[in-house]
Amino acid sequence: MRPRIFVLVGPTACGKTAASILLAKKLNAEIISADSIQVYRGLDIGSAKPTVQERQGVPHYMLDVADVTDKEFSVAEFQRRAAMDIQEISSRGKLPLVVGGTGLYINALTYPLQFTSVPGDPNIRAALRQQEAEEEGTLYKRLQQVDPQSAKRLHPNDSKRIIRALEVYEVSGRTLTSYGVDFANEASAEPPYRATIVGLTMERAALYARIEQRVDDMMRMGLLNETGRLFEAGYPHTLPALQGLGYKQLLRHLRGETTLKEAVEEIKRETRRFAKRQITWFKRDKRIHWLNTADYENMEALCNAMCSIYKQDDGEGEKK
RNA sequence: GCCUCGGUAGCUCAGCUGGUAGAGCAAGGGACUGAAAAUCCCUGUGUCGGUGGUUCAACUCCACUCUGAGGCA
């Protein structure tokens with residue numbers, strides 16, 4: 001029997017972390033973070049990583065598993081490691097509780113997605129980027145010749161995905177499209193786990209107010225110092241880890257390109273936009289049971305609601 | 001009290017000599033399969049301060065009025 005898991009999603013700052021700790025205690029669960037920034041060591045305040053104290057003894061996985069200089073961390077890596085953690089947790093009779101706002105990571109655990117065996121290659125990517133810089137539009141033209149189906153799927157401006165498609169071709173000699181299994185529709189294969197998925201929502205205005213508050217809190221807790229350490233370490237600011245909200249803007253400030261005030265305003269704005277994108281992503285996932293936090297008196301009531309959803313659900317998802 | 005300049009989108013503002021309005025930012029919607037807190041696509045949301053007048057037609061001209069800033073007494 002495939003293991004059951006509980007998945008808690010929602011936009012940034014909606015209260016996932018606090019809820020997850022209480023929920024873990026109620027369900028005898030251990031937490032697996034599905035957050036593309038919390039995986040990095042040293043990115044603590046800005047990623048809103050729960051502190052050891054906040055974790056209240058509940059074991060957490062997929063935190064601090066990569067170094068900031070790691071250019072290779074990816075969904076595939078996340079999927080591999082999280083899958084092992086899930087096996088291990090459920091083998092001990094505990095419930096794996098996946099919590100996070102990175103939609104792609106969530107899908108990597110809740111759909112039978114197989115990533116191709118073609119790992120990313122920073123050198124090839126850099127070379128391709130260079131070619132594009134020399135002649136705009138050249139990559140898309142090449143993709144049209146090499147892999148017309150992928151080209152059709154992608155917008156000519158979507159450089160990252162175009163680069164990935166060409167990378168697959170260069171590394172493996174096969175087109176991304178030819179790895180058809182990767183794009184298998186979800187119905188054709190069985191999902192790896194029986195997942196109950198709950199999403200936290202609240203009114204947009206309320207969420208934005210929380211985001212504003214949280215960014216101010218992060219600054220108070222020393223986000224500038226945390227970023228200062230990264231700055232002094234002299235890492236290239238193009239590292240994937242340093243694209244994280246907060247770090248990106250404060251590094252720009254530390255390089256003297258913006259005032260602190262401007263940087264903080266930018267963090268707030270970009271975080272709002274990020275939340276909007278997360279909402280768009282999760283909105284189309286019909287498996288999610290949505291709970292509006294405003295409908296519950298307190299965390300206790302909210303978590304009880306989640307528990308009863310878990311008990312009623314068989315984890316097989318919506319039959320659509 | 002008098003004079004001057006303003007009042008147009010959430011904000012800052014453009015709208016020549018009359019033909020019911022447009023930029024930037026903010027915002028909203030969407031995509032997403034090995035960088036995903038990344039990357040990309042789409043969208044103007046408006047009693048033009050109010051009332052009356054001139055006109056076929058008023059954001060635009062006139063009168064009055066409300067309101068903001070500055071100046072002179």
| said: What contact category does A:Phe78 fall into here, base, sugar-phosphate, or nothing, at under 4.0 angstrom with non-hydrogen atoms? | reply: nothing
| With both distances kept under 3.5 Å, what pairs with B:C25, Watson-Crick or G-U wobble? | B:G10
| field | Nearest-neighbour nucleotide for the A:Arg153 side chain, B:C40, B:U33, B:A27 considered | value | B:U33
| Sugar-phosphate, base or nothing in reach of A:Ser47, heavy atoms under 4.0 Å | base
| Rounded C1' spacing from B:A27 to B:C72 in Å | 44 Å
| field | Separation of atom CD in A:Glu72 from atom P in B:A36, rounded to whole Å | value | 12 Å
| message | Under a 3.5 Å cut-off for both contacts, is B:C61 paired Watson-Crick or G-U wobble with anything, and if yes, with which nucleotide? | response | B:G53
| Looking only at atom C1', what distance separates B:U39 and B:A58, rounded to whole Å? | 48 Å
| field | Pairing nucleotide - B:C72, Watson-Crick or G-U, each distance under 3.5 Å | value | B:G1
| field | Distance between P atoms of B:G1 and B:C61 (Å, rounded) | value | 26 Å
| field | Whichever of A:Gly103 and A:Arg164 has its nearest RNA chain B nucleotide further upstream toward 5' | value | A:Arg164
| Transitively linked via ILVMFWY side-chain contacts under 4.5 Å: A:Ile5 with A:Ile106? | yes
| Which value, in whole Å, describes the distance between the P atoms of nucleotides B:G18 and B:C62? | 11 Å
| request: Describe the nucleic acid contact of A:Lys283 in one word from base, sugar-phosphate, nothing, applying a heavy-atom distance below 4.0 Å. | output: sugar-phosphate
| field | Assigned partner base of B:U39, Watson-Crick or wobble definition, under 3.5 Å | value | B:A31
| task | Grab the CZ-P distance between A:Phe274 and B:G30 for me, whole Å please. | result | 16 Å
| Side chain of A:His155: nearest nucleotide among B:G30, B:C41, B:G34? | B:C41
| said: Students often get this wrong, so: under 4.0 angstrom with heavy atoms, is A:Lys276 touching a base, only sugar-phosphate, or nothing? | reply: base
| task | Can you establish whether the number of heavy atoms outside A:Glu134 located under 6.0 Å from its atom CD is more than 12? | result | yes
| Presence of donor-acceptor pair under 3.5 Å, side chain of A:Arg273 and base of B:A36 | no
| Hey, are A:Arg81 and A:Glu77 close enough for a salt bridge, meaning a charged N less than 4.0 Å from a carboxylate O? | yes
| message | Which nucleotide wins on minimum distance to the side chain of A:Thr280, given the candidates B:A31, B:A27, B:G34? | response | B:A31
| Between A:Arg80 and A:Gly101, who's closer to the 5' end of RNA chain B by nearest nucleotide? | A:Arg80
| query | Nearest-Å distance, CG (A:Leu128) to C1' (B:A35)? | reply | 14 Å
| query | Hey, does A:Arg277 reach any base, or is it just sugar-phosphate, or nothing, if we go heavy atoms under 4.0 Å? | reply | base
| said: Around atom OH of A:Tyr193, are there more than 12 heavy atoms from other residues, nucleotides or ligands closer than 6.0 Å? | reply: yes
| Atom pair distance, as rounded to whole Å: CZ in A:Arg269 and P in B:A26 | 5 Å
| request: Taking atom P in both B:A9 and B:U47, compute the distance separating them and give it to the nearest angstrom. | output: 7 Å
| message | Could you tell me how far apart A:Leu104 (CG) and B:U39 (P) are, to the nearest whole angstrom? | response | 15 Å
| Any donor-acceptor pair under 3.5 Å joining the side chain of A:Arg161 to the base of B:A36? | yes
| message | With a 4.5 Å cut-off on side-chain heavy atoms, are A:Arg252 and A:Glu266 touching? | response | yes
| Think A:Asn157 has a side-chain N or O under 4.0 angstrom from the OP1 or OP2 of B:C41? | yes
| Between B:C25 atom P and A:Glu266 atom CD, what is the distance in whole Å? | 13 Å
| How would you label the contact of A:Gly46 with the nucleic acid (heavy atoms, under 4.0 Å): base, sugar-phosphate, or nothing? | base
| said: Using a heavy-atom cut-off of 4.0 Å across all strands, would you classify A:Tyr105 as base, sugar-phosphate, or nothing? | reply: sugar-phosphate
| field | Complementary nucleotide for B:U17 - Watson-Crick or wobble, under 3.5 Å | value | none
| Polar side-chain atom of A:His289 near backbone of A:Thr196 as donor-acceptor pair, under 3.5 Å | no
| Would A:Leu109 end up clustered with A:Tyr310 when hydrophobic side chains under 4.5 Å apart are linked, directly or stepwise? | no
| request: Please state the C1' separation for the pair B:U20 and B:G6 - nearest whole angstrom. | output: 23 Å
| field | Presence of A:Arg204 side-chain N/O under 4.0 Å of B:G28 phosphate oxygens OP1/OP2 | value | yes
| query | What integer number of Å spans the P atoms of B:G24 and B:C41? | reply | 15 Å
| said: Evaluate A:Asp64 against A:Lys49 for salt bridge (Lys or Arg N to Asp or Glu O under 4.0 Å), listing each step before the verdict. | reply: CA-CA 9 Å; A:Asp64 302 316; A:Lys49 193 182 291 171; 2.5 Å; yes
| request: Could you work out which one of B:G29, B:A26, B:C40 sits closest to the side chain of A:Asp158? | output: B:C40
| Atom-pair distance (CG on A:Asp35; P on B:A36), nearest Å | 10 Å
| said: Please give the distance between the C1' atoms of B:G71 and B:U8 as a whole number of Å. | reply: 26 Å
| request: Using atom CZ of A:Phe115 as one end and atom P of B:A36 as the other, report the distance to the nearest whole Å. | output: 11 Å
